[in-house]
K.L.:
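Got a structure here, written out as structure tokens. Questions coming.
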Amino acid sequence: MIGEKWTSFRKLIPEKNVVIVTDENILRIYGKDFGDYPVLTIKPGEKSKNLDVINDLTGRLLSLGIDRGGYIIGIGGGVVCDISGFLASVYMRGIRFGFVSTSLLSQVDASSGGKNGVNYGTVKNIIGTFNQPQFVICDQEMLKTLPEDEYLSGLAEMIKGGFIGDAGLVEAIENNIQPILDRETSLLTDLITRSVKIKASIVNNDEREKGIRKILNFGHTFGHAIEARTGLNHGFAVAAGMKIAAGISVKMGLLPTEVRDRLLKLLMLFNLLVDYHISFDDVKSYILKDKKKAGNLMNFIILEDTGKAAVNEITAERLLEYYIKHDW
Ligand SMILES: NC(=O)c1ccc[n+]([C@@H]2O[C@H](COP(=O)([O-])OP(=O)(O)OC[C@H]3O[C@@H](n4cnc5c(N)ncnc54)[C@H](O)[C@@H]3O)[C@@H](O)[C@H]2O)c1
């Protein structure tokens with residue numbers, strides 16, 4: 001429900017057996033309008049995405065007497081959505097859940113698609129489920145309180161969506177740089193709707209990520225390595241990863257340089273390409289870890305045009321060769 005007032009979640013849930021999961025920032029800013037439901041609060045940020053937190057929340061659900069008919073509402077960004085969706089999926093073998101998605105990144109990406117999960121150490125999203133929420137509310141007014149870096153981080157995922165699936169979205173972003181930076185609500189409602197449509201059309205064809213859904217990972221192979229090693233915010237790491245992936249796509253002879261430059265220009269206009277340092281050994285160890293998960297051939301997402309991406313099967317060794325050689 002994009003463009004819907006966030007408090008309307010109250011109309012969608014039962015009166016009892018409901019619990020809200022949120023983080024401390026959201027509670028501070030929006031908690032007074034949560035209503036009378038019990039609230040479980042986590043510390044903000046990626047560090048909360050682990051099984052210890054799930055364990056702790058499970059104990060708190062039990063103390064509240066939440067049973068199989070229970071309902072969890074996750075109100076927050078991608079971290080809260082991932083945690084509350086996973087918790088609801090495994091608590092008593094699964095109870096109902098819904099999201100009020102509060103960050104730009106979760107509105108364009110994390111709260112749709114049905115993936116829920118937590119990390120194991122620095123290995124991201126390695127413990128999780130595929131399970132759809134009963135509703136997702138995305139209220140663009142809530143984005144006004146989002147810190148600048150978090151907002152820009154979400155824009156990186158929106159730009160990714162356009163480049164892999166909708167050239168019209170890329171054009172709409174290019175034509176509205178300042179209104180986007182000004183967080184104009186109705187424009188954001190339109191752009192987020194387009195982003196979610198791209199994701200939905202891909203996920204509808206491949207919910208369990210056997211094939212085409214993998215293109216949503218454009219920029220994430222190197223992006224995750226950069227995020228894990230440098231601590232760069234997710235969207236900035238994905239922007240860096242998209243720059244590398246587009247560079248490799250050019251080097252492979254599969255992408256015209258103009259399209260790569262178009263992507264880089266847009267990322268630069270939103271200050272998403274920041275300095276970071278990661279050694280080749282760090283990249284290599286991360287990619288080889290990915291290889292262990294995927295088998296001999298990795299799925300590397302390449303860009304073919306504005307609005308068109310593809311899965312490229314490649315060995316980790318070959319990918320690393322391209323990484324060294326690609327145009328920076
Ligand atoms: N499940 C999926 O398909 C999927 C897809 C993409 C990303 N993710 C996950 O999403 C997570 C990143 O999400 P995120 O960027 O939203 O991070 P986040 O949930 O940590 O939110 C970022 C920060 O912004 C604050 N915040 C959120 N909404 C706010 C608002 N309206 N006003 C003020 N502050 C607000 C949060 O408290 C937090 O400090 C990562 O863990 C990533 O793995 C999941």
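What's counted below: heavy atoms across the whole structure, side chains too, no hydrogens, waters or symmetry copies. In each ligand, atom 1 is the first atom listed, and ligand 1 is the first ligand listed. Computed from a predicted model, the values in this text were never measured in an experiment.
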K.L.:
Indicate whether the side chain of S285 and that of R229 have a donor and an acceptor atom separated by less than 3.5 Å.
P.N.:
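The answer is yes; a qualifying pair exists.
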
K.L.:
Should H220 be listed as contacting ligand 1, given a heavy-atom distance under 4.0 Å as the test?
P.N.:
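It does not, in that no heavy atom of H220 comes within the 4.0 Å cut-off of ligand 1.
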
K.L.:
Ignoring hydrogens and geometry beyond distance, is a side-chain donor-acceptor pair present between S153 and N233 at under 3.5 Å?
P.N.:
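S153 vs N233: donor-acceptor pair found between side chains.
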
K.L.:
Testing the 3.5 Å rule here: is there a donor-acceptor pair between the side chains of E171 and N175?
P.N.:
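Side chains of E171 and N175: no pair found under 3.5 Å.
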
K.L.:
Of all the atoms in ligand 1, which lie at a distance below 4.0 Å from a heavy atom belonging to L146?
P.N.:
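Answer, ordered by atom number: 24 (O), 26 (N), 27 (C), 28 (N), 29 (C), 30 (C), 32 (N), 33 (C), 35 (C).
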
K.L.:
Report the nearest protein non-hydrogen atom to atom 25 (C) of ligand 1: residue, atom name, distance rounded to 0.1 Å.
P.N.:
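Going atom by atom, the protein heavy atom closest to atom 25 (C) of ligand 1 ends up being N25 ND2, 4.2 Å.
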
K.L.:
Give the atom numbers and elements of ligand 1 that come within less than 4.0 Å of a heavy atom of T102.
P.N.:
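Numbered from 1, ligand 1 contributes 27 (C), 28 (N), 29 (C), 30 (C), 31 (N).
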
K.L.:
At less than 4.0 angstrom from any non-hydrogen atom of P44, what atoms of ligand 1 do you find?
P.N.:
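Here the atoms of ligand 1 in question are 37 (O), 39 (O).
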
K.L.:
Taking 4.0 angstrom as the limit and counting only heavy atoms of E46, give me the atoms of ligand 1 inside it, by number and element.
P.N.:
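So the answer, numbered in order with elements, is 40 (C), 41 (O).
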
K.L.:
Verify the distance criterion only: is there a donor paired with an acceptor across the side chains of E46 and H234 at less than 3.5 Å?
P.N.:
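Short answer, no.
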
K.L.:
Check this for me - ligand 1, V80, N or O atoms closer than 3.5 angstrom, yes or no?
P.N.:
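No, since none of the N or O atoms of V80 sits under 3.5 Å from an N or O of ligand 1.
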
K.L.:
Give the numbers and elements of all ligand 1 atoms closer than 4.0 Å to a heavy atom of K199.
P.N.:
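Going through ligand 1 atom by atom, the ones under 4.0 Å from K199 are 3 (O).
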
K.L.:
Show which atoms of ligand 1 fall inside a sub-4.0 Å distance from at least one heavy-atom site of K124.
P.N.:
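Selected atoms, number and element: 40 (C), 41 (O), 42 (C), 43 (O).
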
K.L.:
Answer yes or no: does an N/O atom from E157 fall short of 3.5 Å to an N/O atom of ligand 1?
P.N.:
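Between E157 and ligand 1, no N or O pair is found under 3.5 Å apart.
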
K.L.:
By number and element, which atoms of ligand 1 are closer than 4.0 Å to a non-hydrogen atom of I26?
P.N.:
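It comes down to these atoms of ligand 1: 26 (N), 27 (C), 28 (N), 29 (C), 30 (C), 35 (C).
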
K.L.:
Could I get the full list of side-chain contact (heavy atoms from CB on, under 4.5 Å) partners for E313, not counting sequence neighbours?
P.N.:
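Checked E313 against side-chain contact (heavy atoms from CB on, under 4.5 Å); matches are L297, N299.
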
K.L.:
Is D82 close to ligand 1, meaning an N/O of one under 3.5 Å from an N/O of the other?
P.N.:
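Checking ligand 1 against D82, an N or O pair does fall under 3.5 Å apart.
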
K.L.:
Would you please determine whether G117 falls within less than 4.0 Å of ligand 1 on a heavy-atom basis?
P.N.:
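Contact check G117 vs ligand 1: negative.
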
K.L.:
So, regarding D23 and ligand 1 (criterion: nitrogen or oxygen to nitrogen or oxygen, under 3.5 Å), is there a contact or not?
P.N.:
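Checking ligand 1 against D23, an N or O pair does fall under 3.5 Å apart.
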
K.L.:
Check the side chains of E141 and T185 for a donor-acceptor pair under 3.5 angstrom, ignoring hydrogens and angles.
P.N.:
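Note: T185 and E141 side chains meet the donor-acceptor criterion.
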
K.L.:
Answer with yes or no after comparing the ring centroid distance for Y323 and F222 against a 6.0 Å cut-off, counting only values under it.
P.N.:
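Yes, the ring of Y323 comes within the 6.0 Å limit of the ring of F222, centre to centre.
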
